[in-house]
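Some notes on the structure that comes next.
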Amino acid sequence: MIASLAFIFLTVAALVQIIYIFRKDASPDPFSHYLSLAAGLFLAVEIGRRSIAISFFAVTSLFESLLLLATILALLGFAFRIQHRIKITKGIVFGVDICAMIFLAVASSPLAPSDILPPVPALQSAWLVLHVAFTMIGEAFFAAGLFGAVLQLAAKDEEKRSSHDRFTYTSIAVGYPIFTAGALIFGAIWAEKAWGVWWSWDPKETWALVTWLVYTAYLHFRLVRKNTGKLMPILVITGFAFAMFTFFGVNLLLPGLHSYG
Amino acid sequence: MKSAIDRVYDSLRSVKLASMLLVYLAGACLIGGLIPQGKSDSFYFDHFSPFLARSILNYGLARIFSGILFMGPASLFIVNLTVCSFHRFTGELRKEGRKRRHGPDILHVGLIILAIGGIMTSRFRTESSIDLSVGSNAGLPDKSSITLVDFTFERYPDGRPKQWISRITISRNGQEAIANRDIKVNMPLRYRGFSLYQSGYSMTTEARLRDPMGVPFVMREGEKMEFDGGYIVYMTMDNAGSGVFLLRDNSGRRTVSPAQDKKIGPFILDQYSISYTTGLKIVHDPGYAIVFAGLILILSGAFMIYIQKLKRSLA
């Protein structure tokens, strides 16, 4: 119910944003970010409710991970709009909200059962909570960077390309250390505590490493190349595609220790 | 004109080289993530076309992470990282104190230390398993003795597992070194360079019976007890919690599920009970501390980069 309310808020926000996209005025609309904030707060309440029900931070299933990701994206949509350091275009605002909606839609599908279940022994770990939470926060920034990269590729003039590049780089630069901490470091520590091995080349671990390597390559290529070409945004889009395959594709297509989501 | 040594040094510390190696390693990991690793040869022929299976095996793609296609470039990456880190660090030291940024240096050194720890772990890590039932003991690699004092299987109301707890005692040279310590999943016991993990359990059921003289005895699953004219074998416990016996007597051979205080052959069933055997994994990893230190340095460096960028953007 609460998640459905959040979805409605995001839908209304997206509809408003679509209207403004077709307006000649370059500025985003003046209020859809408050709807995103409301959606994010509703989702946070839902996560809190589930956490209280199981006496553990509710990030132990695919449904809960998607809920967390949508929460962070909705709140990011608000945060991007109220800050003034980086120019935020209508396309980016819309993209971040649509992303949150997509993740919520997947969460409501049969792929992600929404049963409120307390964690099995392997998931009862603070490191697991840090691993999932930081990974989701990092990936939310990568999602924002994705839209910046897409708009950068689609831009017809240098000024717009440069503006979108600055947004993309900022998103990736913020998300990268958080994702590094979550996906690799806290994940490895949790694996050692639970199973006695830091790294086992499990498909999920391997694909998380692929994702990290692509974003690391992006950040290093930026040191040696001009940012006007297509390589940088293509790397960002590729990195996000791999992040999504790590999240969904591995669970659904490749078995391993991470099968529970 | 730069000397040959200078040119080699510049090549080895090149960010371009690092970027290309990162892309290559991502590609290698992608292959390793798509092709199941470490399976038998017949697995690949069963699951792929003959041409693909032969290619996977001939080019080392079935064990890519331990093969030259991965280890070679990964080693070159570590060399590149080391030379680049040295060059960068010495360059930063020449700057005025407030302008120095050591976040990337700490992160890079963390990666190097992680690589060293990883090599030590992969070369020298040992792992063994022991199964213990309550009251039994086993030897540890350092000649200590571990005894399972108790095993608890906690369940949620819906029957799902909540926790497996092995309460153990460790003795060394006849003296108690560790008394009544719990080992749970995600809470291993660290002891004299070893780590003991709760890795599994098994369950067996027992049937407690009395013979015609009233003498009690216990039958475990698969055990046989003979009597004049036949025998009984205790097979297992069914889902309803009743034991299943194979009874052979003058009437023939059949399966029976006697309730408490009922006869089976000449014996009387007292009760059934469940006994657990815990599975503990014992790991000795000389690289543990180094890997952990590397991870902490990477974490610290990554956040230091971020905080320094934030400070500059807010200034």
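Because the structure is predicted, anything quoted here is derived from the model rather than measured. As a basis for the values below, the full set of heavy atoms in this structure was taken, side chains included, without hydrogen atoms, waters or symmetry mates. We name chains A, B, ... by the order of the sequence lines, and we start the count at 1 in each one.
With a threshold of 4.5 angstrom between heavy atoms, R155(B) does not approach chain A through any atom at all. If you measure heavy-atom distances from A126(A) to chain B, you find no contacts under 4.5 Å at all. Neither the backbone nor the side chain of Q37(B) comes within less than 4.5 Å of any heavy atom in chain A. Contact of T216(A) with chain B is made through backbone and side chain together, with heavy-atom distances under 4.5 Å. Contacts between L219(A) and chain B at a heavy-atom distance below 4.5 Å are absent for every atom of the residue. When heavy atoms are compared at a cutoff of 4.5 Å, L34(B) approaches chain A by way of both its backbone and its side chain. Within the 4.5 angstrom heavy-atom criterion, only side-chain atoms of K281(B), from C-beta onward, approach chain A. Neither the backbone nor the side chain of F179(A) comes within less than 4.5 Å of any heavy atom of chain B. Of the two parts of Y176(A), neither the backbone nor the side chain holds a non-hydrogen atom closer than 4.5 Å to a non-hydrogen atom of chain B. Neither the backbone nor the side chain of Y218(A) has a heavy atom closer than 4.5 Å to any heavy atom of chain B. For W212(A), the part sitting under 4.5 Å from any heavy atom of chain B is the side chain, from C-beta outward, and nothing else.
Put simply, of A194(A), A217(A), G196(A), the one with the most heavy-atom pairs under 4.5 Å next to chain B is G196(A). The candidate from A181(A), P177(A), A173(A) with the greatest count of non-hydrogen atom pairs under 4.5 Å with chain B is P177(A). Note on I178(A), V174(A), L209(A): by heavy-atom pairs under 4.5 Å with chain B, the leading option is V174(A). Counting heavy-atom pairs under 4.5 Å between each of T180(A), L117(A), L184(A) and chain B puts L117(A) at the top. The residue among I298(B), V15(B), L22(B) with the most heavy atom pairs within less than 4.5 Å of chain A is L22(B). With respect to chain A, the highest number of heavy-atom pairs below 4.5 Å among R125(B), K184(B), M187(B) belongs to R125(B). The greatest number of non-hydrogen atom pairs below 4.5 Å with chain B, out of P119(A), G249(A), A188(A), is found for P119(A). When the candidates N186(B), V291(B), V185(B), I296(B) are compared by the number of heavy-atom contacts under 4.5 Å with chain A, N186(B) comes out ahead.
Side-chain atoms of D285(B) and T121(B) include a donor-acceptor pair closer than 3.5 Å. Between the side chains of S144(B) and D142(B), at least one donor N or O sits under 3.5 Å from an acceptor N or O. Using modelled atom types and a 3.5 Å distance limit, the side chains of Y197(B) and E127(B) yield no donor-acceptor pair.
Under the ring-ring contact (aromatic ring centres under 6.0 Å, His included) rule, W190(A) has a single partner from W195(A), F134(A), W127(A), which is W195(A). Checking each of F147(A), F240(A), Y215(A) against F142(A) for a ring-ring contact (aromatic ring centres under 6.0 Å, His included) leaves exactly one that passes, namely Y215(A).
Side-chain atoms of R100(B) come within 3.5 Å of backbone N or O of E92(B) as a donor-acceptor pair.
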Inset, instruction - Take S171(A) and F80(A) through the test side-chain contact (heavy atoms from CB on, under 4.5 Å) and record every step on the way to the result. - result: CA-CA 10 Å; S171(A) 295; F80(A) 283 148; 4.2 Å; yes
Legend entry - Stepwise salt bridge (charged side-chain N to carboxylate O under 4.0 Å, His left out) test for R166(A) and E159(A): CA-CA 11 Å; R166(A) 184 159 179 242; E159(A) 190 189 336; over 6 Å; no
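When ring centroids are compared, Y276(B) and W164(B) stay outside the 6.0 Å threshold. Less than 6.0 angstrom separates the ring centroid of F70(B) from the ring centroid of W201(A). Aromatic rings of F242(A) and W207(A) (six-membered ring for Trp) have centroids within the 6.0 Å cut-off, being under it.
Y169(A) carries R222(A) over the face of its six-membered ring, with the cationic atom under 6.0 Å from the centre and within 45° of the normal.
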